[in-house]
Each structure stands twice: as structure tokens, then as C-alpha cells.
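For reference, the structure is listed below as C-alpha cells.
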2 protein chains.
Amino acid sequence: MADLNKLLTPLFLNEKEIRKIIELMFFAYRDFTSGPDALLEKIDFGRAHHRVIYFVGKKEKITIKELLSILQITKQSLSRVLNQLVKEKYIILSIGEDKRTKNLTLTKKGHELENELSTIQIEKIKKILKDSDEDNISGFKTLLYEMIDDKNKIKFDKLNY
Amino acid sequence: MADLNKLLTPLFLNEKEIRKIIELMFFAYRDFTSGPDALLEKIDFGRAHHRVIYFVGKKEKITIKELLSILQITKQSLSRVLNQLVKEKYIILSIGEDKRTKNLTLTKKGHELENELSTIQIEKIKKILKDSDEDNISGFKTLLYEMIDDKNKIKFDKLNY
DNA sequence: ATAACTAAGTCAATATGGCTGACCTAAATA
DNA sequence: TATTTAGGTCAGCCATATTGACTTAGTTAT
């Protein structure tokens, strides 16, 4: 049976090949986030601050509820990080049309930090994309997308409508 | 100049496209690890335990030093997690040829947990690979590999020699 | 108009997974 | 013999997350 599997399983479905992908995800994600992490440390922020700044930059006037739904953390967890960002004037809160809600917006200072952080990752990706053909790039994006849970694919799509 | 950029920059080098990749990495990695995370919680373990079990399973008789070099955490951080795994008999330590070193090996119990955890991720990947053509798969692996820092590419290569 | 629901905020306690620094033992090596 | 290396440990600290209980104010449905 083991031999039969060897004959019938396509090369890319071998467990060894799949384990390679598990490791690639681990190494790639860690190194992809290490650049921003180092910069954040200097200003006593962490990855959590980056995420908030990133998504507030992505969607101007995002509400707390939307942010929580993207980040999938608790209100209490977000609160600590967000309060720091507001106190240090990276983000401003304003009351929304529905007066129960609040709209988050990056300040100039916030945009500058967002830009510094994103630039690190953007440049890294640019370097890779420049040396890759379009088929590889499209495969990369497609398979990453497929790794997202269905319920979260919708959230990703909404961010990129 | 902005117009000139629009004309000269290939579509896949647009900032918008690159930001999509940043988000794909965030969503994909989180959802990729959520399966094992849920299982680990039931037995009061965390992601750190998973990593240790994974790499001990990957490389029988791995030493503490090698493990630290892969995980890139401190000895003290590893210690807490590893001691639990040894105490609960998922891993056994034995003295290496160089008597200063120790070889880590999964017990039967350890293999079973490793298998349960990995199966979740392997099945997820299998499903994706079955619906993808080989070019896409190869692009996915190539670009993930390129996201790894050069010094860590060597470590990845050694794991998969 | 009132009841129910929703968005946001807060207090407190807890867990996990990292970190630094200091210090130790035993074995290998120069 | 002196130094380096592999591993271990104690103590304290920090960041990021959790759960649960509770409040306020605004919106919506009956």
C-alpha cells in the first residue's frame, strides 16, 4: 500500500512536499514581520500596534467594530493598544453618523509611521516580484488566498473591493 | 510623474497589489495556524509547544542548540516549554555523542500528538493543492521561499536536504 | 414611549510566550 | 591548564492575548 501510494500520489501531494510548505509558512511569515518588528521596538510599540495602524490606514474612518472583526481579538485587547495610539497622536477618534460608533483616522504622524512600516514590507515584496514571472506571482497569491478560512475570505474581499 | 509611473510600473508592482499580499500573509498565516491552536488549547499547550514538537519530529535526535537556532528564541523560553513536554512524556532527552549535548526524540505519545497537529495542516494544504495546477504550486513555494531571510534559507535547506 | 439591542469603554484577574541578566556545571578543545 | 561550548536555572519583566462582569449612550422595534 505504501508503494501503491508512491505510484499514485502526484509529487506535489507527497507528505514530504507538504511538510515543506508548513515550514515555508513558518519561516516566511516570521521573516516577513521581522522588519517592522524591529522598527516598532524602537518606539516601544509591538506588532499589535502595527496591525491597528495598518488597517486604519487601509480603511479611513473604520469603526471599532469593523477593526475587531478584522483583527479577531477582544475589545479589551484592542483597547490597550488603541488607547496608546490615540494618546500618542497616531490616530484620532471621531463620532460617526450612528453616534454610538467611532471612526478611526490616522493623523499625519500616524500616516508617517504607517508608511515607514509598510515601506519595509513593500520593498521586500517588490524585490521578490521583480525577479518572478507573472505565473508564479499569480500562483502565490491564489494559494495564499485559499489558505484563508471562507468566512475570512469575505473580509479580505471587502477590504479589496 | 505619477502618470508616468502608472504607465511604466507593471500591474503586479502596483502598491495596491503589494498591499494585497501583505494582507494575504496576515490572513493566511492566522487561519493556517488556527486549527492546531484549537487542538492545543484542549491539552493546555500553546503554539510554542507545537513548534517544538514539529521540529523534534522533523529531525530525530535534534539538539537543543539546533532547535534554538531554528526557533530563534532564547534558551529560557525554550526551557519552559520543553520541560513541560518532557515532564508529560511527549519528548525524551538522551545524552549525545558529544556528552555536553542532548538529543531530543519524540515518544509514541509525542508522535501521536505531532501527527494529530500536522494532519490538520496537511489536510488543509492537500485540499488546496488538489485544486491547483503545478505552476501555481511552484510559484507559491518559490515566492514563500524568497520571503525567508538569506541566513534562514540555509536553515530551511538543511531541514530539507 | 418604552423595551431591547448595539457600540463602545472599563475594571480585574489570568495565561502564554517572549525577553534580559546573572550564574552554574560539565565536557570539549586550543 | 585555560578557554570555549552546551545546557540548565533563578528571578523578574513585558506584550499580547483571554474571560467575565458591568456601565453608558444611542438606535431600533414593539
Side-chain angles (χ1 to χ4, degrees), chain A residues 26 29-30 33-34 36-56 61-88 91-105, chain B residues 26 29-31 33-34 36-56 59 61-88 91-105:
Chain A
F26 170 66
Y29 188 77
R30 189 182 54 189
T33 51
S34 66
D37 283 355
L39 199 157
L40 288 156
E41 214 188 348
K42 290 185 199 162
I43 52 172
D44 280 300
F45 282 165
R47 213 176 276 182
H49 300 84
H50 186 189
R51 286 178 193 145
V52 171
I53 285 194
Y54 181 88
F55 287 109
V56 174
K61 297 203 174 182
I62 195 169
T63 63
I64 303 281
K65 195 195 169 189
E66 289 172 310
L67 198 47
L68 287 176
S69 143
I70 292 169
L71 298 176
Q72 287 178 211
I73 56 174
T74 57
K75 208 170 33 165
Q76 296 91 321
S77 293
L78 175 59
S79 162
R80 181 184 35 86
V81 170
L82 184 56
N83 284 339
Q84 285 175 275
L85 289 168
V86 170
K87 191 176 284 168
E88 299 189 27
I91 285 176
I92 44 165
L93 301 177
S94 58
I95 290 169
E97 281 185 55
D98 178 336
K99 286 172 186 167
R100 289 170 306 177
T101 68
K102 292 195 178 160
N103 298 134
L104 313 193
T105 313
Chain B
F26 170 66
Y29 188 77
R30 190 183 52 189
D31 287 349
T33 51
S34 65
D37 283 354
L39 200 157
L40 288 156
E41 214 188 347
K42 290 185 200 163
I43 51 171
D44 280 300
F45 282 165
R47 213 176 277 183
H49 301 83
H50 186 189
R51 285 177 192 147
V52 172
I53 284 193
Y54 181 88
F55 286 110
V56 174
K59 191 172 181 189
K61 296 201 174 183
I62 195 170
T63 64
I64 302 282
K65 195 194 170 192
E66 289 172 310
L67 198 49
L68 287 174
S69 145
I70 291 169
L71 299 174
Q72 285 177 214
I73 57 175
T74 58
K75 206 170 32 165
Q76 296 91 322
S77 294
L78 175 58
S79 162
R80 184 176 29 80
V81 170
L82 184 56
N83 285 338
Q84 284 176 273
L85 289 168
V86 171
K87 191 177 286 168
E88 299 190 27
I91 287 176
I92 45 165
L93 301 176
S94 56
I95 291 168
E97 282 185 56
D98 178 336
K99 285 175 185 165
R100 290 171 305 176
T101 68
K102 291 193 180 161
N103 298 135
L104 313 193
T105 313

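Values in this document were obtained by computation on a predicted structure and should not be read as measured data. Residue numbering restarts at 1 for every chain, and letters A, B, ... go by the order of the sequence lines.
Rounded to whole Å, the distance from CD1 on B:I43 to P on C:dA15 is 18 Å. Regarding B:Q72, its CD atom lies at a distance of 16 Å from the C1' atom of C:dG17, rounded to whole Å. Straight-line distance from the NZ atom of B:K61 to the P atom of D:dG7: 15 Å, rounded to whole Å. If you take CD of A:E66 and P of C:dT6, they are 16 Å apart, rounded to a whole angstrom. If you measure from atom CZ of B:R47 to atom P of D:dA17, you get 10 Å, rounded to the nearest angstrom. Distance A:I73 CD1 to C:dA8 C1': 14 Å, rounded to the nearest Å. A straight line from CG of B:N103 to P of D:dA6 spans 13 Å, rounded to a whole angstrom. Nucleotide C:dA7 holds its P atom 17 Å from the CG atom of A:L93, rounded to whole Å.
Ring geometry for B:H49 versus B:F45: interplanar angle under 30°, hence parallel rather than tilted (30 to 60°).
The nearest heavy atom of DNA chain D to A:K75 and to B:L82 marks one nucleotide each, and the one closer to the 5' end goes with B:L82. Nucleotides of DNA chain D nearest to A:G46 and B:L68 differ in position, and the one nearer the 5' end is that of B:L68. Residue-to-nucleotide proximity on DNA chain C shows that, of B:Q84 and A:D98, the 5′-proximal contact is made by A:D98.
Distances were taken from every side-chain heavy atom of A:Q76 (C-beta onward) to each of D:dT5, D:dT9, D:dT18; the shortest belongs to D:dT18. Residue B:K99 has its side chain nearest to C:dA27 when only D:dT9, C:dG18, C:dA27 are considered. Side chain of A:I64, nearest nucleotide from C:dA8, D:dG8, C:dA28: C:dA8.
Using a 4.0 Å heavy-atom criterion, one finds that B:R80 contacts the bases of the nucleic acid, with or without backbone contacts as well. As judged by a 4.0 angstrom heavy-atom cut-off over every strand, B:T74 is placed among the base-contacting residues. Among the heavy atoms of the strands lying under 4.0 Å from B:S77 is at least one base atom, whether or not backbone atoms are also near. Using a 4.0 Å heavy-atom criterion, one finds that B:N83 contacts the sugar-phosphate atoms exclusively.
Interface remark: the B:K102 side chain does not form any donor-acceptor pair with the D:dG7 base, using a distance-only criterion of under 3.5 Å. B:R100 contributes a side-chain N or O that forms a donor-acceptor pair with the base of D:dT5 under 3.5 Å.
When atom types are taken as modelled, the side chain of A:T33 and the backbone of A:Y29 share a donor-acceptor pair closer than 3.5 angstrom. In terms of modelled atom types and a separation under 3.5 Å, the side chain of A:S79 and the main chain of A:K75 share no donor-acceptor contact.
Regarding contacts with the backbone of C:dG17, a side-chain N or O of B:H49 is found under 4.0 angstrom from either OP1 or OP2. Contact annotation: A:R51 reaches the phosphate of D:dA17 (side-chain N/O to OP1 or OP2, under 4.0 Å). The phosphate of D:dA6 has OP1 or OP2 within less than 4.0 Å of a side-chain N or O from B:K65.
Between A:L71 atom CG and A:F55 atom CZ the span is 6.5 Å, to the nearest 0.5 Å.
Heavy atoms only, all atoms of each residue included: B:V81 and B:A48 are closest at CG2-CB, 3.8 Å.
Proximity of B:L85 to B:L104: side-chain heavy atoms (C-beta onward) are nowhere separated by under 4.5 Å.
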